[in-house]
Amino acid sequence: MTQVATVDQADTAKQVDTAERADTAQAPQGSAGRPDSGAGNWYIRFRRAIRIASRPEPWKRGPVLAALALLLGLLMLLHAKIPNGTGGLGSLVETFLPWFGLAVPVLLAGALWRRSAVAMAALLLPAVVWLNLFGGLLLDKSHPDSDLTVVSHNVGAENPDPAGTARDLAASGADVLALEEVTPQARGTYEKELAKAYPHHTVQGTVGLWSKRPLSDTRPVDTEQDVGPLGDAKPAEITLADNRALRATVATDQGPLAVYVAHLGSVRVNPRTGYATDTRDRNAQALSKAVAAERNERVVLLGDLNGTTDDRALGGLTSQLRSAQEAAGDGFGFSWPAKFPMVRIAHTRDRGVQPLSWWVRPPPASHHRPVAAGINW
């Protein structure tokens, strides 16, 4: 058996050597009858690559890698078809959808190590799908100068330094400032520290709006935080304390601007119940109805929506309002958690205005990062 294997190896080596000599003989010749150092070498390398790719071995290697690459591509391509069910699997996948792209270079390394042509070909699907979904975010679409700068920040209910946070936000130079998770204990601090820079403000429950321009028609927005008989039985002064959305009109030189500030319900990942989003989803639907009923042509929504643009639960809002980050941002704009941002749940969305820039500000004492946008008319 050893002799037979040796003979087979020798025959294979002779065949390869014969093919290489044939390539050399067929290569374009120079004027002196020698193989041209440029075109000839390129021709030989091309023929060798074709010969290697045409062998069956590279196409037989790595079937598991190829299957994983196809599954990854289909997962990103058909993420909207993943059922939410009771565990919220669809929303969970969509929340971290940009990060699925990291699997592409991992699979590519495996395909190169295995020298698998079929895995390399299969990787084209997830690579193209990811670039189609998120490639545009890699470009810097921001422009200098704007008529109005808005900032939104979840200051955190457990913020250890509300005064410092207020001073940092005032130093941003924003014309309009939206705060979420304003506790009764910290409300006075924010009002005191921001009073000089922002003479106009309103606080409705746990959300507030500070402005350098006059405010009017300020009111809370019902996002159905409390539902059922017990919620309906609560008096207005009780429900207002826990209110998480407001609407106000900001007076500008170009006309009135309707501004919404919202903090949708939190989401939780539980091993037993899965991705719990019931409150967030109900809040999002109620807020989308309020925005749909808005008569002002110029609308800006600021806030912590506890969901990403790709999350289907925010479809009612994303279909009505454009993402300023996607229109005028640079990069993915991840805003949470502050120390190592992984998702963008802080939003500035609009209609009837033109976003020129969008960026994430350095975090003060909160577990969220502030986001800012510059808009024109």
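What's counted below: heavy atoms across the whole structure, side chains too, no hydrogens, waters or symmetry copies.
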Counterpart residues, side-chain hydrogen bond (donor to acceptor under 3.5 Å, both in side chains), relative to T149 (two or more places apart): none
I'd like to check Q204 versus L240 (side-chain heavy atoms, cut-off strictly below 4.5 Å). Are they in contact? yes
Can any side-chain N or O of R114 pair as donor or acceptor with the backbone N or O of P63 at less than 3.5 Å? no
Distance check, rounded to the nearest 0.5 Å: N159 atom CG versus T165 atom OG1? 3.5 Å
Atom pairs and distances, side-chain donor-acceptor, residues 186-196, under 3.5 Å, sequence neighbours left out:
{"residue": "R187", "atom": "NE", "partner": "E191", "partner atom": "OE2", "Å": "3.1"}
{"residue": "E191", "atom": "OE2", "partner": "H201", "partner atom": "NE2", "Å": "3.0"}

Non-hydrogen atoms of V104 and P126 that approach each other most closely: CG2-CB, 4.0 Å
Correct closest heavy-atom pair for A248 and T218 would be CB-CG2, 3.6 Å
For a quick test of reading the model, state the closest non-hydrogen atom pair linking E224 to D222 and the distance between them. N-OD1, 2.9 Å
Can you tell me how far the OH atom of Y275 sits from the OG1 atom of T95, to the nearest 0.5 Å? 3.5 Å
Between T348 and W358, a side-chain donor and acceptor under 3.5 Å: yes
Once ring pair (Phe, Tyr, Trp, His ring centres under 6.0 Å) is applied, do any residues pair with F332, and if so which ones, sequence neighbours excluded? F334
With a 4.0 Å cut-off, would you call D217 and R219 a salt bridge? yes
If hydrophobic clusters are built by linking Ile, Leu, Val, Met, Phe, Trp and Tyr wherever their side-chain heavy atoms come under 4.5 Å apart, do V93 and L102 end up in the same one? yes
Please check: side-chain N/O of S152 versus main-chain N/O of V371, any donor-acceptor pairing under 3.5 Å? no
Please say yes or no: joined through hydrophobic side-chain contacts below 4.5 Å, possibly via intermediate residues, are V151 and L215 part of one cluster? no
N/O donor-acceptor pair under 3.5 Å between T318 side chain and T309 backbone: no
Does some side-chain heavy atom of P363 sit less than 4.5 Å from a side-chain heavy atom of P341? no
Would V207 end up clustered with L257 when hydrophobic side chains under 4.5 Å apart are linked, directly or stepwise? yes
Does a side-chain heavy-atom distance below 4.5 Å link M76 with L125? no
Is there a side-chain contact between T206 and E180, using heavy atoms and a 4.5 Å cut-off? no
Would you mind listing the cluster partners of L71? Hydrophobic ones only (ILVMFWY), side-chain contacts under 4.5 Å, chaining allowed. none
Would V128 and V106 show up in the same hydrophobic cluster when neighbours are defined by side-chain heavy atoms closer than 4.5 Å? no
Validation row: L209, V176 side chains within 4.5 angstrom (heavy atoms): yes
Looking at CG of N84 and CG of L89, how far apart are the two atoms once the value is rounded to the nearest 0.5 Å? 7.5 Å
Could you grab the distance from atom OG of S211 to atom CG of L148, nearest 0.5 Å is fine? 7.5 Å
With a 4.5 Å heavy-atom cut-off, do Q354 and H143 have their side chains touching? no
Taking R369 for the side chain and A338 for the main chain, is one N or O donor matched with an acceptor at less than 3.5 Å? yes
For residues 323-337, which residue pairs pass the side chain to side chain donor-acceptor pair (under 3.5 Å) check, not counting sequence neighbours? Q325-R344
If hydrophobic clusters are built by linking Ile, Leu, Val, Met, Phe, Trp and Tyr wherever their side-chain heavy atoms come under 4.5 Å apart, do L246 and V300 end up in the same one? yes
Heavy-atom nearest pair, R247 first then A258, reads NH2-CB, 3.7 Å
Just wondering, are more than 12 heavy atoms of other shown residues or ligands nearer than 6.0 Å to CH2 in W99? yes
Decide yes or no for S91 and R280: does some side-chain heavy atom of the first lie under 4.5 Å from some side-chain heavy atom of the second? yes
Backbone N/O of S216 and side chain of H200: donor-acceptor pair under 3.5 Å: no
How long is the span from the CG atom in D147 to the CG atom in D253, to the nearest 0.5 Å? 8.5 Å
Take atom CD in Q254; do more than 12 heavy atoms of anything else shown fall under 6.0 Å from it? yes
Closer than 3.5 angstrom, by distance alone: can the side chain of Q320 be matched with the main-chain N or O of G316 as a donor-acceptor pair? yes
Heavy-atom pair with the smallest gap, counting every atom of N306 and D304: N-OD1, 3.1 Å
Taking all non-hydrogen atoms of both residues into account, name the closest pair between A245 and T223 and its distance. CB-CG2, 3.6 Å
Is a side-chain donor or acceptor of K141 paired with a backbone partner of L139 at a separation under 3.5 angstrom? yes
To the nearest 0.5 Å, what is the distance between CZ (R312) and OG1 (T277)? 10.0 Å
Under 4.5 Å between any side-chain heavy atoms of L72 and W130, yes or no? no
Run the side chain to side chain contact (heavy atoms under 4.5 Å, CB included) test on T308 and H347 for me, step by step, so that the C-alpha distance in whole Å, both residues' side-chain angles and the decisive distance to 0.1 Å come before the verdict. CA-CA 8 Å; T308 66; H347 293 255; 5.5 Å; no
Without swapping roles, check the side chain of D281 against the backbone of A313 for a donor-acceptor pair under 3.5 Å. no
Connected hydrophobic set around L287, excluding itself, where side chains approach under 4.5 Å: V221, Y260, L264, V291, V299, L301, L305, L314, L317, L321
